[in-house]
Amino acid sequence: TEPMYRTDQPSFLNAVLEGRCHLEPESLLDATSAVERKFGRRRDSVPAKGPRPLDVDILLYGSRVIRSTRLTVPHPGLCERRFVLEPLLQLAPQLTHPETGLRLAALLQALPDQGVYCYRRNPYNPGSSKEHHT
């Protein structure tokens, strides 16, 4: 996707995954932060929303609403980011926002074009790998 907040940086490759874990939310945050550091993420040397090798966000944690000094779930940017909602809804098209009860699909439809491209590698045509979504 094209960068959204700081536009003076390269495009991003975004993905959403669904999983189950035994960790409580803040322990999961610690684990994802450790993965980011392993891949070279240095929060102290790059401005917020600036270029980074890896950024792992906890978008949802079941239907829980979490507000702590370290973690906010649902993720605060969830409803404004097409690059999050499109792949998230591919996994779970009927999802609703845990706080508002609004269908995420309806929120996605209300968003403007944000330069989101679906990356699909075609083994028969390796040069054909981007499909534009609005």
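Atom set for the values below is all heavy atoms of this structure, side chains included, hydrogens, waters and symmetry mates excluded. In this chain, numbering begins with 1 at the start of the sequence shown.
For the pair Phe83 and Glu2, the minimum side-chain heavy-atom distance is 4.5 Å or more. Considering only heavy atoms from C-beta on, Asp57 stays 4.5 Å or farther from Val84 through its side chain. For the pair Val16 and Leu89, the minimum side-chain heavy-atom distance is 4.5 Å or more. Proximity of Leu78 to His97: side-chain heavy atoms (C-beta onward) are separated by under 4.5 Å at one or more points. Within the 4.5 Å cutoff, no side-chain heavy atoms of Tyr61 are placed close to those of Leu71. Using a 4.5 Å heavy-atom threshold, the side chains of Ile58 and His75 count as separate. Within the 4.5 Å cutoff, the side chain of Val73 has no heavy atoms near those of the Leu59 side chain. Using a 4.5 Å heavy-atom threshold, the side chains of Met4 and Arg81 count as touching.
For Arg82 (side chain) and Pro112 (main-chain N/O), a donor-acceptor pair under 3.5 Å exists by modelled atom type.
Evaluation of the side chain to side chain donor-acceptor pair (under 3.5 Å) test over residues 6-16, restricted to residues two or more places apart or in two chains, returns Thr1-Asn14. Identified under the salt bridge (Lys or Arg N to Asp or Glu O under 4.0 Å) test for residues 102-111, with sequence neighbours left out: none.
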Between Leu85 and Leu111, is a side chain to side chain contact (heavy atoms under 4.5 Å, CB included) present by the stated rule, with each step listed? CA-CA 10 Å; Leu85 289 175; Leu111 290 178; 3.8 Å; yes
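A salt bridge links Arg67 with Glu99: the distance from a Lys NZ or Arg NE/NH1/NH2 to an Asp or Glu carboxylate oxygen falls below 4.0 Å.
Pairing each heavy atom of Gly115 with each of Asp113, the nearest pair is N-OD1, 2.9 Å. Glu36 and Leu54 make their closest contact through CG-O, 3.9 Å (heavy atoms, listed as atom of the first residue, atom of the second, distance). In plain terms, the two heavy atoms of Phe12 and Gly50 that are nearest each other are CZ-O, 4.5 Å. Summarising the geometry of Ser63 relative to Pro98, their closest heavy-atom pair is O-CB, 3.6 Å, with the distance given to 0.1 Å.
Atom CG of Leu17 has 12 or fewer neighbouring heavy atoms from other residues, nucleotides or ligands inside a 6.0 Å radius.
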Which donor-acceptor pairs under 3.5 Å do the side chains of residues 20-27 make with protein atoms, sequence neighbours left out?
from, atom 1, to, atom 2, distance (Å)
Glu24, OE1, Arg64, NH1, 3.4
Glu26, OE1, Arg70, NH1, 3.1
Glu26, OE2, Ser68, OG, 2.5

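Linking ILVMFWY side-chain heavy atoms closer than 4.5 Å, directly or via other members, places Leu28 and Val35 in two distinct hydrophobic clusters.
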